[in-house]
Amino acid sequence: MESGGPAHRRRPLIVRALGIETSCDETAVALVEADASGLTLVNQRLATRPEESSALGGIVPELTVRQHLELLPGITRAVMAEGPLEAVGATAGPGLAPALLVGLAFGKSLAWARHSSFHAINHLEGHIFSPFVSRGKWPEYPHLALIASGGHTLLVDAPDSTGRSVLGSTRDDAAGEAFDKLARMVGLGYPGGPEIEKEAARGEVGKIKLPRPMKGSEEGDFSFSGLKNAARLLLEKDPGLAEPGLPRAHFCAEAQAAIAECLADRCRLALRRTGRKLLTVSGGVSANRMVSRALEEAARAEGACLMAPVQGWNTDNAAMIAAVTARRHLDGADSDWETDVDPRWSVASGQKAA
Ligand code: KG4
Ligand code: ZN
């Protein structure tokens, strides 16, 4: 899909790139300024209606699409400063198809009207960029990237800027989804990760026992459904765990530790196998302090370093999409105007949106 215009034509100079993110329930737009040495975030806006999803028990596609349609023009106007706009990029996948279509169509129209280059961006590539671009730098290679969000849990090996392979993924729930479901079981709100982290601060790990699925396995994948099932059985025996109080705090501390240990264990195995010396983590779950501490320890044990996004860049945002857009523009890797969305677009190289 990345043809359209002379392929891989290097463009020097400074680029102003706009990124549009509508893969799920956040409507987000950001503007970055970049050159070969790095980039700066000029402006960004993000809008979401979590109370609506929370009240309805999840995302309702039609409401989400209407939100994107209503909010995109105003948010974009607020983000776009005076001056030239060399590149426009929009998330084309993975994500919710109708939501992606709104952002992609809006992005194409804007790029067409402003005579900018147009780029269909992979949301997961945005996450992989975020630890670096949140510090104004382009990604360093080689590295190993853990993406842990509400929709994905992936370990990706990135030997260079063009080759990426998936070493492990979740067999059932994503790590963020596990946080969300466990939080819901004990009567906490959505998104569950920050709620569990807050509650866990008063609790103690080990007071309540939960399993660490796949920990110690020689296979590279993640699995969190066993944790959820064990928690359900515990709650059936002791419904008091879902009431405010110390037992619930102990439950949250144990659940958080279990997820953190599982993530760290799989990363340690992958570091040992690949010999990579840089581990990155991104996605909403990377905002969790116990998770980042566990990953830091795993990296140190394998003689590697951990790099997490600067606070505010962990969860979904458009700045990471604008950053990938700028990189694509500088590399002359424009997308075809005909590019469609791909709700299941893989982050592995060579697998493009249809
Ligand atoms: O990356 P993200 O914003 O969206 C997706 O692409 O899914 O991640 C959202 C997920 C939610 O499941 C949320 O519970 C989790 O990230 N999350 C956290 C924390 N903050 C957000 N999980 C654990 N601890 C946190 N502090
Ligand atoms: Zn995401």
Side-chain angles (χ1 to χ4, degrees), residues 1-2 18-30 44-50 52-53 56 58-72 75-76 88-111 118-130 145 147-154 156 164 166 169-170 173-177 180 190-191 193 282-286 309 313-325 328 335-336 338-349 351-354:
M1 74 183 225
E2 279 115 15
L18 192 89
I20 298 164
E21 162 60 40
T22 62
S23 65
C24 194
D25 58 343
E26 275 98 8
T27 313
V29 179
Q44 71 170 331
R45 286 276 195 290
L46 183 142
T48 181
R49 292 170 181 164
E52 198 167 71
S53 304
L56 296 165
I59 292 164
V60 178
E62 190 176 334
L63 291 181
T64 302
V65 166
R66 285 185 187 283
Q67 172 194 307
H68 295 323
L69 268 175
E70 278 169 32
L71 301 182
L72 268 179
I75 288 183
T76 305
V88 176
T91 302
L96 187 67
L100 292 165
L101 280 166
V102 176
L104 196 71
F106 187 82
K108 280 185 192 178
S109 313
L110 186 64
F118 165 69
H119 307 265
I121 304 297
N122 185 306
H123 177 84
L124 298 172
E125 187 172 15
H127 277 305
I128 289 178
F129 267 52
S130 63
I147 306 171
S149 69
H152 302 272
T153 304
L154 284 173
V156 180
R164 270 194 309 260
V166 175
S169 60
T170 182
D173 293 342
E177 194 180 359
D180 295 337
Y190 178 87
S282 58
V285 177
S286 67
W313 290 69
N314 311 78
T315 48
D316 283 351
N317 63 80
M320 65 189 194
I321 304 302
V324 183
T325 302
R328 286 290 152 84
S335 297
D336 279 333
E338 291 76 21
T339 305
D340 198 353
V341 301
D342 183 349
R344 303 172 69 80
W345 193 3
S346 166
V347 74
S349 37
Q351 297 194 33
K352 307 291 186 203

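Worth knowing before you read on, the calculation uses all heavy atoms, side chains too, and leaves out hydrogens, waters and symmetry mates.
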Walk me through it: do Val347 and Leu154 pass the test side-chain contact (heavy atoms from CB on, under 4.5 Å)?
-> CA-CA 9 Å; Val347 74; Leu154 284 173; 4.1 Å; yes

[X] side chain to [Y] main-chain N or O, any donor-acceptor pair under 3.5 Å?
X: Thr64; Y: Val60; result: yes
X: Ser346; Y: Ala348; result: yes
X: Lys108; Y: Ala90; result: no
X: Asn122; Y: Leu124; result: yes

Mind running salt bridge (charged side-chain N to carboxylate O under 4.0 Å, His left out) on Glu125 and Arg328 for me, showing each step along the way?
-> CA-CA 12 Å; Glu125 187 172 15; Arg328 286 290 152 84; 2.8 Å; yes

Please report the closest heavy-atom contact between [X] and [Y], naming both atoms and the distance.
X: Leu104; Y: Ala120; value: CD1-CB, 4.3 Å
X: Ile20; Y: Gly107; value: CD1-CA, 3.6 Å
X: Ala30; Y: Ala322; value: O-CB, 3.7 Å
X: Ser282; Y: Ser130; value: CB-OG, 3.4 Å
X: Asn317; Y: Ala319; value: OD1-N, 3.1 Å
X: Ala318; Y: Gln44; value: N-OE1, 4.5 Å

With heavy-atom distances below 4.5 Å as the criterion, would you say the side chains of [X] and [Y] are in contact?
X: Arg344; Y: Asp342; value: yes
X: Arg164; Y: Ile128; value: yes
X: His127; Y: His152; value: no
X: Thr76; Y: Leu18; value: yes
X: Phe106; Y: Val29; value: no

Do you see a donor-acceptor pair shorter than 3.5 Å between the side chains of Ser23 and Glu21?
->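 Indeed, the side chains of Ser23 and Glu21 share at least one donor-acceptor pair under 3.5 Å.
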
CD1 on Ile121 to CZ on Phe118, rounded to 0.5 Å |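 Going from the CZ atom of Phe118 to the CD1 atom of Ile121 covers 8.0 Å.
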
If you round to the nearest 0.5 Å, how far is CD of Glu177 from OG of Ser149?
->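 Here the rounded value is 9.5 Å.
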
Residue pair Ile75, Thr27: steps toward the side-chain contact (heavy atoms from CB on, under 4.5 Å) verdict | CA-CA 8 Å; Ile75 288 183; Thr27 313; 4.2 Å; yes

Taking side-chain hydrogen bond (donor to acceptor under 3.5 Å, both in side chains) as the test, write out the residues that go with Asn314, two or more places apart.
->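 In terms of side-chain hydrogen bond (donor to acceptor under 3.5 Å, both in side chains), with neighbours along the sequence ignored, Asn314 is linked to Ser286.
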
Worked verdict on Arg66 versus Glu62 for salt bridge (charged side-chain N to carboxylate O under 4.0 Å, His left out) = CA-CA 6 Å; Arg66 285 185 187 283; Glu62 190 176 334; 3.0 Å; yes

Exercise answer: donor-acceptor pairs, residues 94-103 side-chain atoms, under 3.5 Å, sequence neighbours excluded:
none

Under the ring-ring contact (aromatic ring centres under 6.0 Å, His included) test, residues paired with His68 that sit two or more places apart |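 His68 satisfies ring-ring contact (aromatic ring centres under 6.0 Å, His included) with no other residue.
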
Residue pair Thr48, Glu26: steps toward the side chain to side chain donor-acceptor pair (under 3.5 Å) verdict = CA-CA 5 Å; Thr48 181; Glu26 275 98 8; 4.6 Å; no

